[in-house]
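Residue numbers count from 1 along this sequence.
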Amino acid sequence: MDLIFWRHAEAEDPGEGLADVDRPLTSRGEKQAARMGAWLDRHLPDGTRVLCSPALRCQQTALALGRKFKLRDELAPGTRPEGLLEAVQWPGARHPVLVVGHQPALGETIARLLRMPDGNCAIRKGAVWWLRTRERDGHEQTLLWAVQSPETV
């Protein structure tokens, strides 16, 4: 199974009277999302399911991909790795899954799957981390397939 994590692009700072989930992308964030969305569109396998946090900044990031996506409350800010992995049906999903979400949940989930000792992984805004699972010698392995940031595509 391919599991692709896309952290939302740069968003406006929280303002007075603006709820965290209502924060929009900055103009820089819109450019980041467009660059990464174009890269993903060229590389995502057919049949990839796109799941997105209901936060506005994630929805705007996902829109840059130009594909249909499904909002999932389980991916909202504050989610835990267990909830995220359940939402994407890891590792048994039949199709690749792209998750558009938030830190620290994305980094904590990646750290768990790659068995990083400190339990967290820093993910830049707008960046993509692509993991793949496989079976080798009767053991399931998780591989880091690609890491891409909007500044390098």
- [ ] Would you indicate whether the side-chain heavy atoms of S53 and V100 approach each other to under 4.5 Å?
- [x] no
Closest non-hydrogen atoms of M1 and A93, given as atom of the first, atom of the second and distance, are CE-CB, 3.6 Å
Review point. Got V97 and D2 here, is their nearest side-chain heavy-atom distance under 4.5 Å?
Key: no
Checklist entry - Would R23 and E10 pass as an ion pair if we require N to O under 4.0 Å? => result no
Note: I123 and R7 closest approach over all heavy atoms is O-NH1, 2.6 Å
When you look at E82 and R112, which way does the salt bridge (Lys or Arg N to Asp or Glu O under 4.0 Å) test go after all the steps?
CA-CA 10 Å; E82 299 81 17; R112 175 181 287 187; 2.7 Å; yes
To the nearest 0.5 Å, atom CG of L65 lies from atom CG of L98 at 6.5 Å
In this structure, CH2 of W129 is separated from CD of Q148 (nearest 0.5 Å) by 12.0 Å
| message | If hydrophobic clusters are built from ILVMFWY residues whose side chains come within less than 4.5 Å, do V21 and W6 share one? | response | no
query: Does R42 CZ have over 12 foreign heavy atoms under 6.0 Å away?
result: yes
*For L114, does its backbone N or O pair with a side-chain atom of T142 as donor and acceptor, under 3.5 Å?*
no
Q.
According to a hydrophobic-cluster definition based on side-chain heavy atoms being under 4.5 Å apart (Ile, Leu, Val, Met, Phe, Trp, Tyr only), do L143 and L44 belong together?
A. no
With the 4.5 Å side-chain cut-off for hydrophobic clustering, are M36 and V147 part of the same group? no
Separation between CG (L106) and CG (L84), nearest 0.5 Å, reads 6.5 Å
Original post:
Does any N or O in the side chain of T79 come within less than 3.5 Å of the main-chain N or O of A76, such that one atom is a donor and the other an acceptor?
Top reply: no
- Item | Single-linkage hydrophobic cluster L144~L85, side-chain heavy atoms < 4.5 angstrom | yes
- Item | CZ/R132: more than 12 non-hydrogen atoms of other groups inside 6.0 Å | yes
- Message: Using side-chain heavy atoms (C-beta onward) and a distance below 4.5 Å, is I4 in contact with L131?
- Response: no
inquiry  = Any heavy-atom pair between the side chains of L3 and W90 that's under 4.5 Å?
reply    = yes
Does any part of the side chain of T133, heavy atoms only, come nearer than 4.5 Å to the side chain of L113, both counted from C-beta?
no
Taking every heavy atom of C121 against every heavy atom of Q103, the minimum-distance pair comes out as O-NE2, 3.1 Å
Notebook entry, point to check: Does D41 reach the side chain of R67, with side-chain heavy atoms less than 4.5 Å apart?
Noted result: yes
Scanning both residues in full, the closest heavy-atom pair of A33 with L25 reads CB-CD1, 4.2 Å
Correct closest heavy-atom pair for P24 and Q60 would be CA-OE1, 3.3 Å
Shortest non-hydrogen pair, H95 vs G47, comes out as CB-O, 3.4 Å
In this structure, are over 12 heavy atoms from other groups packed under 6.0 Å from D118 atom CG? yes
* For the hydrophobic clusters of this structure (ILVMFWY residues joined by side-chain heavy atoms under 4.5 Å, transitively), does one cluster hold both L71 and L51? -> no
Does the side chain of I110 come within less than 4.5 Å of F5's, by heavy atoms? yes
> Charged N to carboxylate O below 4.0 Å: is that the case for R28 and E151?
Replying inline: yes
- Message: Within the structure provided, determine whether R49 and P96 are in side-chain contact (heavy-atom separation under 4.5 Å).
- Response: no
Here the gap from C52 atom SG to K70 atom NZ, rounded to the nearest 0.5 Å, amounts to 12.5 Å
* Is the count of non-hydrogen atoms from other residues, nucleotides or ligands lying under 6.0 Å from E86 atom CD greater than 12? -> no
Here the gap from K68 atom NZ to L63 atom CG, rounded to the nearest 0.5 Å, amounts to 13.5 Å
request  = Give a yes or no on whether a salt bridge exists between D20 and R57, defined as a side-chain N under 4.0 angstrom from a carboxylate O.
outcome  = yes
Between the CG atom in D137 and the CD atom in E135, the distance rounded to the nearest 0.5 Å is 9.0 Å
Look at E140 together with R134 and state whether they make a salt bridge at an N to O cut-off of under 4.0 Å.
no
